[in-house]
Amino acid sequence: METKLKPSFLDEVASIPACGKINECVQCGVCSGSCTTAAHWEHPPRKIIAMVRAGMKDEVLNSSSIWYCVSCYLCTARCPRDIKPANIMHALEAIALKENYRPPTKTTTMYRSFARSIEQNGRIYEFGFMLEYFLKTNPFAALKMLPMAFSLLTHKRMPLLPKAVKGRHQLNQMFHNITTGGSR
Amino acid sequence: MRYYAYYPGCSMEATGAPVEKAIKAIAKPLDIELMELEDWTCCGSSPFSGVDKVKAMAITARVLAQAEKTGLDLVTPCSSCYTILHEANELMKDDHKLAWQVHEALTSVGLNYNGTVKVRHIVEVIYNDVGVEALAAKVKRPMTGLKVACYHGCQQVRPEYGYDDREYPDWLARIAAALGAEPVNFPLKAKCCGSSLVISETDMALELIHKLLENAADNGAQAIVSTTCPLCHTALDAYQSAVNGKYKSHFNLPVLAVPQIIAVALGLDFKQAALDGNVISPRKLLSPYLNSKIAAQAPAQKAAAG
Ligand code: SF4
Ligand code: SF4
């Protein structure tokens, strides 16, 4: 009789590119102490790593903490064990999105709009991606951004139409290849 | 003349337009030729890593595969692109499973990547290939007396590239000094501006931008010289009025992307330096320099007196 074990949360994270060393974390806390936005995290980076190792998947992925990572790489530059906490945070974000967790943050919607913009145009179409994001979250928040958007517009820094490039077809083909597990 | 493959990145077509224009304007006088990749696509940037890492790396690899065909170093002005292109290179060396998945995906569209491309930041190219001495020798309008805070931001120096110091870099200050300007002490020069989350966590990003502006102003800067990253430049320039609104502050610090101030020092005019694209207009601050006579060789030291 065969029993199939579900990979643990820790294994799942460790299998994502750049996250393999998560087991070597010594819990020194340098990452949390360095983190640019730690004040906003309910569970700062060191604790997130401890929670992943303790298998606390729901607690980690239902929390907004990881979504405050601004990719400043201070943690990664300073970690004495070469763990790459920034990559781990983004890996956790990807698992949360894939498994439809709903942490209390609007960054999930922003990332999805961002990815869709790439799929549709091959390049980021800044105006369209921001518009989609605000329509999906809080159109009134967009009003606050209007003066800024207008100043970018008048300085010719906010084209209103997308520039879809041919390469987008290749990107989508490549995504398809990855999703379906390659040519084999 | 030095030749490079050039990858501007998506933001350069929108919010980064003035930085891009200034880069194009100084390329020739600096004897560099930037050959833009054909039909390039997004590098994936950090948000895509938060969606799907393998796909993100495949997107990045398409850019690298295109660059490899040219046989040249790949130069980008966007720090976010720089980080991710660099990371894809490194990760595919170490992670064979990832390398295989990306290889399969590239093959499915007739592309191939052998991992040979050297990814470089344009600030690093200006600093190392052009060199500050050669740059100084080309100066026609010394920026004497202009006090500047030089802002590197995070991803130009991190995570790990082996060029400048990861926490206290000084390329930009050396470049500014070569132009005759006076770099002020700026402890936050490699701290993050938060722009990757400025759309969804606006208040948090404004807090970070406010700290940077305050630190620059407190140290006596009349302007910020920023790295070429369009995200950094936009955060400091276009979001400055939002910071003033939130913090009841009165910052009015022009943010000169480094190619813009180089352009002025090389004798180009306001429009050629794309300074008309800056939201905080540097016209008044720079008029003594812009109006000064272009020195043929030995620069007139009184340029800044006005
Ligand atoms: S700095 Fe590195 S080793 Fe220390 S707690 Fe953070 S991830 Fe672990
Ligand atoms: S990269 Fe993310 S987790 Fe690391 S210090 Fe910066 S904000 Fe914090």
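Remember, it's a predicted structure, so these values are computed and weren't measured experimentally.
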Can you say whether A58(B) sits under 4.5 Å from chain A via the side chain, the backbone, both, or neither, judging by heavy atoms?
both
What residue in T37(A), I16(A), T76(A) has the most heavy-atom pairs under 4.5 Å with chain B?
T37(A)
Between E167(B) and chain A, with a heavy-atom cut-off of 4.5 Å, which part of the residue counts as in contact: side chain, backbone, both or neither?
side chain
Is the distance from the ring center of H103(B) to that of Y113(B) below 6.0 Å?
no
Part of S49(B) within contact of chain A (heavy atom distance under 4.5 Å):
both
Going by atom types only, do H90(A) and S71(A) share a side-chain donor-acceptor pair under 3.5 Å?
yes
Q155(B), part contacting chain A, at a heavy-atom distance under 4.5 Å:
side chain
Under 4.5 Å to a heavy atom of chain A? For K97(B) that would be neither
Under 4.5 Å heavy-atom distance to chain A, tell me which part of T202(B) shows up: side chain, backbone, both or neither.
side chain
Decide if the gap between the ring center of Y82(B) and the ring center of Y161(B) is smaller than 6.0 angstrom.
yes
Measure D237(B) against the heavy atoms of chain A and call it side chain, backbone, both or neither at under 4.5 Å.
side chain
Taking every non-hydrogen pair under 4.5 Å, which of V109(B), T15(B), L98(B) racks up the most with chain A?
T15(B)
Quick one: of E126(A), M148(A), K106(A), who has the most non-hydrogen atom pairs under 4.5 Å with chain B?
E126(A)
Taking 4.0 angstrom as the limit, do D165(B) and R158(B) come out as a salt bridge?
no
Do K55(B)'s NZ or CZ and the ring of F175(A) fall within the cation-pi criteria of under 6.0 Å and 45°?
yes
Carboxylate-amine/guanidinium proximity below 4.0 Å for R283(B) and D276(B):
no
Portion of I59(B) that has a non-hydrogen atom of chain A nearer than 4.5 angstrom:
both
For E90(B), is it the side chain, the backbone, both, or neither that has a heavy atom closer than 4.5 Å to a heavy atom of chain A?
neither
Go through L197(B), T234(B), D95(B) and name the one with the most non-hydrogen pairs under 4.5 angstrom from chain A.
L197(B)
Option in D94(B), V102(B), T107(B), V54(B) with maximal non-hydrogen atom pairs under 4.5 Å from chain A:
V54(B)
Using a 4.5 angstrom heavy-atom cutoff, name the option from R168(A), K156(A), K163(A) with the most pairs to chain B.
K163(A)
Looking only at C154(B), A238(B), S108(B), S45(B), the option with the highest number of non-hydrogen pairs under 4.5 Å against chain A is S108(B)
Report which part of E207(B) has an atom under 4.5 Å of a heavy atom belonging to chain A: side chain, backbone, both, or neither.
side chain
Is it the side chain or the backbone of L91(B) that comes within 4.5 Å of chain A heavy atoms, both, or neither?
side chain
